[in-house]
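A note on names: the letters A, B, ... follow the listed sequences, proteins ahead of strands, and every chain is numbered from 1.
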Amino acid sequence: MPIISLKNVTHTYSEGTPLSVSAIKNINLDIEAGELVGIIGHTGSGKSTLIQHLNGLLKPNEGTVEIDGENIWADKKKIRSVRFKVGLCFQYPEYQLFEETVYKDIAFGPKNMGMSDVQIKESVLRAAQYVGLKPELLNKSPFDLSGGEKRRAAIAGVMAMNPKILILDEPTAGLDPKGRQEILAMIKDYKKKTGSTVLLVSHSMEDVASVATKILVMNKGEVSMYDTVPNVFSRADELRKIGLNVPQITRIFIGLREKGLDVETDVYTVAEGCRRLLSLKKGGNC
Amino acid sequence: MVRDITIGQYYPGKSLLHKMDPRVKIVLTLVFIVVIFLCKNFWSLGLMAAFLFGGICISGVPVKMLLKSLKAILLIIFITALLNLFYATGGKTLLDLGFAKITDKGVYTAIFMTVRISCLITGSSLMTYTTTPTMLTDAIERLLSPLKVFHIQVHTLAMMMTLALRFIPTLIEEIDKIMNAQKARGADLESGNIIDRAKALVPILVPLFVSSFRRAYELAFAMECRCYTGGNNRTRMKQMKLSLLDFGFVLGAAALLAGVILLNHFFVKLI
């Protein structure tokens, strides 16, 4: 049974007014538990609208959203419990920090869930460990942290709720290359340790290629592809048509092939690219 | 939910009223308000109402929108009418309730007051409907510029007002974002008693404050980078120029004033 199941989900902003904008149309999607799905799409393709439906921040105009086989809008009063099950971390989450200490801020979600103090402490420490925040930072004010640390603290605030599904909207936006690598490694690690389902919205094909098990491509409010990484990136021409692309390293390999070099083009990470080229140099085939 | 709040009520259009110089518009609105108070009987007030109606027709602003601005002060109008109904003295008694009586003068006064307040509000909303907030602040700046003699920083005040107006939509968007982020962490904004609700606002207000300061600093840097030093010797991109149209409106207003004075003179005074 898929953990997330959308049926004919449609959402229109300001419906019934002249300003109505159709954000997502007729989305049908099943995501299995344990996947790490990379969501890519052009700006305005409906990615953010889609993810806000998964934890009930937005209600679909039409269609149903099922998490764990339950329609989340079946009982309006229980919508908060959906938000604990589906942790959503927005873009630039560091701007939502507000407590006196990092510890208290991370504890905000668990506290809202009604956990006991012991459980809260456990969750906070575990979340801080997932994101690699040093324990001595927990008693500092979140406003004294560096940019990267703030981002980690904010992500930890969502992880501390132990959600079954974790959704991150561009967690690497605005970070330096090292910070990006660290956040991505952390997400991969989190998924491995907890076994939860992770959805990752990104603009970077490289990021998605390096961590995702599946890719969801959004275009003009519709799902244009949902498939494994090799299957999606093998459709380079289609991706280009909707303003996206394949990872840089894949483009290099496509170029090499066009120049007559005997290489395959199913290379999505630099590490993999290195390996192929080295074995080619040694005279083997790749 | 937060998106529904509309600040500034500009109704885009290309009518004569929209084209009028905002300075003239402000002054004429003030004149209009004064003249409304000069009206002493239904004839002169009727003339004003007719003029206002003409203005509404010219502006192309839907009557429905103007009525909406009246709705906000419905209660005030109602209370004023009620007080006048009972407290006007003299005239024929129409209804005696024992503790109070309603006279025909009271009825007339109540109607008069209702029409007067409605005209006042509609007239001034007509101005805000046909002038963008930026144009308004610009015009206020120009109109207040004589205050420079007293070392009042008119330009700074106007700039502050413009910036405040400019950032209202931005802040609304920001509130929306923060609210969603906190809701995603299980913040409960809709239930509980007043104290619970006030407490629930903390996670929204703190980040909002922080980001407002951040924005303010960024804006100040950006302005400094463009060599902004304040109002002295600054020219403007959009010069305000008086045109024939504006003189026409001024003449119209003068005629209206004369008409009101004449009507006041020839007909019986009501109040």
Side-chain angles (χ1 to χ4, degrees), chain A residues 13-14 17 19 21 48-49 51-52 54-58 76-77 79-100 104-115 127 141-143 150 154-163 165-169, chain B residues 1-13 60-62 64-65 68 167 169-193 195-219:
Chain A
Y13 284 111
S14 324
T17 71
L19 298 166
V21 188
S48 296
T49 310
I51 57 174
Q52 287 183 49
L54 302 180
N55 75 340
L57 277 176
L58 289 177
K76 251 185 159 182
K77 283 174 195 148
I79 201 69
R80 261 180 88 205
S81 68
V82 174
R83 297 195 182 135
F84 301 132
K85 215 189 269 180
V86 184
L88 173 56
C89 183
F90 280 94
Q91 226 176 61
Y92 296 104
E94 56 271 33
Y95 295 145
Q96 76 193 28
L97 299 171
F98 69 98
E99 274 286 9
E100 293 155 55
K104 278 192 190 168
D105 207 288
I106 299 177
F108 182 66
K111 220 171 163 182
N112 286 331
M113 293 172 80
M115 284 190 197
S141 159
F143 301 106
K150 274 188 199 164
I155 295 177
V158 178
M159 286 179 174
M161 302 190 299
N162 306 315
I165 303 165
L166 177 69
I167 307 173
L168 300 146
D169 192 354
Chain B
M1 162 179 143
V2 187
R3 268 170 233 264
D4 298 337
I5 306 168
T6 47
I7 311 264
Q9 38 179 359
Y10 180 62
Y11 184 85
V61 177
K64 223 170 150 191
M65 288 186 79
K68 229 168 70 186
F167 275 95
T170 315
L171 283 183
I172 290 178
E173 206 175 290
E174 185 95 23
I175 294 175
D176 228 22
K177 260 192 210 160
I178 297 172
M179 269 170 74
N180 272 340
Q182 306 300 26
K183 270 199 226 159
R185 292 207 282 165
D188 188 3
L189 306 172
E190 274 117 28
S191 59
N193 57 31
I195 297 171
D196 286 340
R197 282 186 194 210
K199 270 188 191 159
L201 282 181
V202 173
I204 290 159
L205 290 183
V206 173
L208 188 67
F209 252 73
V210 174
S211 74
S212 306
F213 277 107
R214 186 171 44 84
R215 267 179 216 290
Y217 279 122
E218 279 170 10
L219 184 71

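- Between A:Tyr13 atom OH and A:Thr49 atom OG1 the span is 3.5 Å, to the nearest 0.5 Å.
- Using a 4.5 Å cut-off between non-hydrogen atoms, the part of residues 204-213 of chain B that approaches chain A consists of B:Val206, B:Pro207, B:Val210.
- For A:Asn162, the side chain to side chain donor-acceptor pair (under 3.5 Å) partners are A:Arg126, not counting sequence neighbours.
- Using a 4.5 Å cut-off between heavy atoms, A:Gln52 touches chain B through its side chain atoms alone.
- B:Asp196 meets the salt bridge (Lys or Arg N to Asp or Glu O under 4.0 Å) test with no other residue; sequence neighbours excluded.
- Expressed to the nearest 0.5 Å, how far CD1 of A:Ile167 lies from OG of A:Ser48 amounts to 11.0 Å.
- Taking A:Asn55, A:Leu97, A:Val86 one by one and counting their heavy-atom pairs under 4.5 Å with chain B, the maximum is reached by A:Leu97.
- Contact of A:Met161 with chain B is made through the side chain alone, with heavy-atom distances under 4.5 Å.
- Contact detail for A:Leu57 and A:Phe90: the closest heavy-atom pair is CD1-CZ, 3.5 Å.
- Atoms CD1 and NZ, on A:Ile79 and B:Lys183 in that order, are 10.5 Å from each other to the nearest 0.5 Å.
- With sequence neighbours excluded, the residues satisfying ring pair (Phe, Tyr, Trp, His ring centres under 6.0 Å) with A:Phe98 are A:Phe108.
- Note on B:Asp188 versus A:Arg83: no salt bridge recorded, every NZ/NE/NH1/NH2 to OD/OE distance being 4.0 Å or above.
- Of the atoms belonging to A:Phe143, it is side-chain heavy atoms, and not backbone ones, that fall under 4.5 Å from chain B.
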